[in-house]
Undergrad: 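I have a structure I would like to understand better, so I am pasting it below and will then ask my questions one at a time.
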Amino acid sequence: MSEPILSVVIGTYNRRTQIKECLASIRRETRRQHVVYVTDAGSTDGTVEYLESVRGDTVRPILVGERLGQARALNDVFAAVESSYVCWLSDDNIVVDRGLDRAVSVLEANPRIGMVALKVRDQIGPFVEAPYIGGLSTLGILNVNQGMLPTRVMKQVGGFSEVFRDYGIDPDITAKVLFSGYDVVYSRKVAIHHYRNWSLDKGSPEYHALAAKHRRSLELYERKYAGFLPPSRLFDAKRRVYASVVKLLGSRWNRNSDRPILGQLPRDWHNMFNGRFISLADFLICAGQDFHLRQRWPSYRPAPGCPPEPALPADT
């Protein structure tokens with residue numbers, strides 16, 4: 001096997017069936033030379049035995065045996081890889097439509113791009129109506145849920161923030177790449193089908209535990225980035241225009257509709273108007289490309305880098 005151009009890093013814990021399907025999809029959909037690192041946190045459901053059975057040139061299990069936290073577990077692998085590109089996936093992801101190959105091609109052709117969001121569509125869970133997922137942070141940054149970066153960029157920004165541990169690491173690394181002066185883009189086609197393992201029972205312990213993680217990550221994000229960006233009259237004007245249009249259309253506006261408006265999905269328009277670093281001319285700027293929703297730090301201002309890590313919440 002020649003030297004892999006791409007390293008795929010996945011963390012797993014007691015999800016034998018899902019990691020098996022995830023690995024099969026990578027093998028089926030990926031032609032570029034790659035290696036998949038699966039870091040296991042001490043599974044007891046047969047996952048470890050399965051990973052040992054598929055160990056080889058393209059699948060390399062890392063049997064950590066303890067729950068270090070997602071950020072730490074992935075960072076330990078990122079620090080050691082030497083491939084040109086690296087991406088992270090979740091064990092409940094299925095790669096579709098040659099998604100990883102297309103992301104590699106985008107990065108090869110565009111050295112200014114520091115991260116490609118592998119566009120994700122949920123197959124189960126509360127967000128199945130959305131044509132793709134990806135929320136806007138309080139800074140107006142369109143977050144990357146699963147992404148691919150040049151390995152040098154991943155190492156430059158220091159990987160994932162281990163303060164966030166398991167939840168909220170992806171919005172943070174999106175901001176870090178953008179504030180380091182690189183562009184962040186979304187793949188134009190859906191690259192990942194997501195079989196979200198979320199409990200929808202609001203009375204369940206699992207639901208409350210997830211909600212607590214979400215609150216903690218938001219608190220950490222606010223601590224880290226509060227006051228980091230100066231006010232922007234253009235950004236405020238974009239959001240006011242969007243709010244006025246949505247109010248005017250009323251129930252006729254469906255952000256999750258699959259029906260294009262002027263060539264763009266309603267969710268694309270939502271992200272262009274409410275994304276601080278996305279141009280309203282994005283559909284022209286990215287025409288003919290395999291990516292869109294390009295976020296770019298303004299060329300007339302030096303990239304600020306990143307603020308220091310926040311202090312942990314008092315209850316941690």
Undergrad: Within 45° of the six-membered ring axis of Phe235 and under 6.0 Å from that ring's centre, is NZ or CZ of Arg239 located there?
TA: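 So Arg239 does make the cation-pi contact.
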Undergrad: Nearest 0.5 angstrom please: Glu222 CD to Thr138 OG1, how far?
TA: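 Spacing of CD (Glu222) from OG1 (Thr138) equals 3.5 Å.
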Undergrad: Scan Leu107, Val104, Val81, Thr151 and name whichever one has a side chain to side chain contact (heavy atoms under 4.5 Å, CB included) with Leu6.
TA: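 Answer after filtering Leu107, Val104, Val81, Thr151: Val104.
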Undergrad: Do Leu100 and Arg32 have side-chain heavy atoms sitting under 4.5 Å apart?
TA: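 Answer no - side chains too far apart.
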Undergrad: About how many Å separate CG of Asp170 and CG of Asn143, when rounded to the nearest 0.5 Å?
TA: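 Spacing of CG (Asn143) from CG (Asp170) equals 6.5 Å.
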Undergrad: What's the separation between atom CG in Leu293 and atom SG in Cys286, rounded to the nearest 0.5 Å?
TA: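 Answer rounded to 0.5 Å: 7.5 Å.
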Undergrad: Run the salt-bridge test on Asp101 and Arg31 with the 4.0 Å N-O cut-off and return the result as yes or no.
TA: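 Looking at Asp101 and Arg31, the cut-off is not met.
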Undergrad: Check this for me: does any side-chain nitrogen of one of Glu219 and Arg223 sit under 4.0 Å from a carboxylate oxygen of the other?
TA: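 Yes, this pair counts.
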Undergrad: In Å and rounded to the nearest 0.5 Å, what is the CE to CD distance from Met115 to Gln295?
TA: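 These two atoms lie 8.5 Å from each other.
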Undergrad: Can you name the closest pair of heavy atoms from Arg267 and Pro131 and give their distance?
TA: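 Closest approach of Arg267 to Pro131: NE-CD, 4.0 Å.
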Undergrad: Quick one: sort the Tyr167 and His214 rings into parallel, tilted or perpendicular, breaks at 30° and 60°.
TA: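 It falls in the perpendicular class, over 60°.
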Undergrad: Scan side-chain atoms only and decide if Tyr182 and Gln156 contain a donor-acceptor pair under the 3.5 Å cut-off.
TA: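 Yes - a donor-acceptor pair under 3.5 Å links their side chains.
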Undergrad: Under 3.5 Å, is there a donor-acceptor pair between the Asp45 and Tyr50 side chains?
TA: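 No, no side-chain donor-acceptor pair sits under 3.5 Å.
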Undergrad: Any salt bridge linking Arg121 with Asp97? Criterion: basic side-chain nitrogen under 4.0 Å from a carboxylate oxygen.
TA: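 No, no charged N to carboxylate O under 4.0 Å.
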Undergrad: Report the relative orientation of the aromatic rings in Phe228 and Tyr225; use parallel for angles under 30°, tilted for 30 to 60°, perpendicular for over 60°.
TA: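 Phe228 and Tyr225: perpendicular rings.
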Undergrad: Decide side-chain contact (heavy atoms from CB on, under 4.5 Å) for Lys119 and Lys189; before the verdict, give the C-alpha distance in whole Å, the side-chain angles of both, and the deciding distance to 0.1 Å.
TA: CA-CA 7 Å; Lys119 187 179 282 183; Lys189 295 181 180 179; over 6 Å; no
Undergrad: Hey, is NZ on Lys213 packed in by over 12 heavy atoms from elsewhere, all under 6.0 Å?
TA: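 No.
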Undergrad: Are Phe179 and Leu229 side-chain neighbours, meaning at least one heavy-atom pair lies under 4.5 Å?
TA: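 Side-chain contact under 4.5 Å: yes.
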Undergrad: On the 0 to 90° scale, with breaks at 30° and 60°, tag the Trp88-Phe160 ring pair as parallel, tilted or perpendicular.
TA: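 Because their plane-to-plane angle is over 60°, the rings of Trp88 and Phe160 count as perpendicular.
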Undergrad: Can you name the closest pair of heavy atoms from Ala175 and Ile141 and give their distance?
TA: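 For Ala175 and Ile141, the tightest heavy-atom pair comes out as CB-CD1, 3.9 Å.
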Undergrad: Can you name the residues that form a side-chain contact (heavy atoms from CB on, under 4.5 Å) with Asp76, not counting sequence neighbours?
TA: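 Only Leu68, Arg72 meet the side-chain contact (heavy atoms from CB on, under 4.5 Å) criterion with Asp76.
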Undergrad: Checking side-chain contact (heavy atoms from CB on, under 4.5 Å) for the pair Phe273/Val246: CA distance, chi angles, key distance, verdict?
TA: CA-CA 11 Å; Phe273 273 95; Val246 170; over 6 Å; no
Undergrad: Validate the cation-pi geometry between Arg196 and Phe127: distance from NZ or CZ to the six-membered ring centre under 6.0 Å, angle to the ring axis within 45°.
TA: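 Relative to the ring axis of Phe127, which defines the angle, Arg196 lies outside at least one limit.
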Undergrad: Let's go through Asn14 and Ser43 carefully: what are the C-alpha distance in whole Å and the side-chain angles of both, what is the deciding distance for side-chain contact (heavy atoms from CB on, under 4.5 Å) to 0.1 Å, and is it a yes or a no?
TA: CA-CA 5 Å; Asn14 281 343; Ser43 295; 3.3 Å; yes
Undergrad: How long is the span from the CZ atom in Arg60 to the CG atom in Leu51, to the nearest 0.5 Å?
TA: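 Here the rounded value is 14.5 Å.
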Undergrad: First locate atom CD1 of Ile133, then atom CG of Asp122, and finally report the distance between them rounded to the nearest 0.5 Å.
TA: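 Those atoms lie 4.5 Å apart.
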Undergrad: Is any side-chain heavy atom of Phe283 less than 4.5 Å from a side-chain heavy atom of Trp269?
TA: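 Yes. Closest side-chain heavy atoms under 4.5 Å.
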Undergrad: Answer yes or no: is there a side-chain heavy-atom contact under 4.5 Å between Leu63 and Glu52?
TA: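 Touching, per the 4.5 Å side-chain cut-off.
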Undergrad: Less than 4.5 Å apart, any side-chain heavy atom of Thr17 and any of Glu21?
TA: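 The answer is yes; the side chains approach within 4.5 Å.
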Undergrad: So which atom in Ala71 and which in Ser161 form the shortest heavy-atom distance, rounded to 0.1 Å?
TA: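 What the structure gives for the nearest pair is CB-O, 3.5 Å.
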Undergrad: What about Val96 and Leu89, same hydrophobic cluster or not, with Ile/Leu/Val/Met/Phe/Trp/Tyr joined at side-chain heavy-atom distances under 4.5 Å?
TA: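 Val96 and Leu89: separate clusters.
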Undergrad: Are a donor atom and an acceptor atom from the side chains of Asp91 and Tyr13 found within less than 3.5 Å of each other?
TA: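 Tyr13 and Asp91 do not have a side-chain donor-acceptor pair below 3.5 Å.
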Undergrad: Any side-chain heavy atom of Arg301 within less than 4.5 Å of one from Pro230?
TA: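 Yes, side chains in contact.
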Undergrad: Of Thr47, Asp40, Asp92, which is the lone residue that meets side chain to side chain contact (heavy atoms under 4.5 Å, CB included) with Arg15?
TA: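 Among the candidates, only Asp92 passes.
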Undergrad: Is there a side-chain contact between Ile113 and Arg294 (heavy atoms, below 4.5 Å)?
TA: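 In contact.
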Undergrad: Do Tyr186 and Asp282 have a side chain donor and acceptor closer than 3.5 Å?
TA: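 Note: Tyr186 and Asp282 side chains miss the donor-acceptor criterion.
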Undergrad: Quick check, are the ring centers of His270 and Tyr242 under 6.0 angstrom apart?
TA: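 Ring centres of Tyr242 and His270 closer than 6.0 Å.
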Undergrad: Any non-hydrogen side-chain atom of Leu139 less than 4.5 Å from a side-chain atom of Arg276?
TA: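 Leu139 vs Arg276: side chains apart.
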Undergrad: Is it the case that more than 12 heavy atoms not belonging to Arg67 sit under 6.0 Å from its CZ atom?
TA: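 Result for CZ/Arg67: open.
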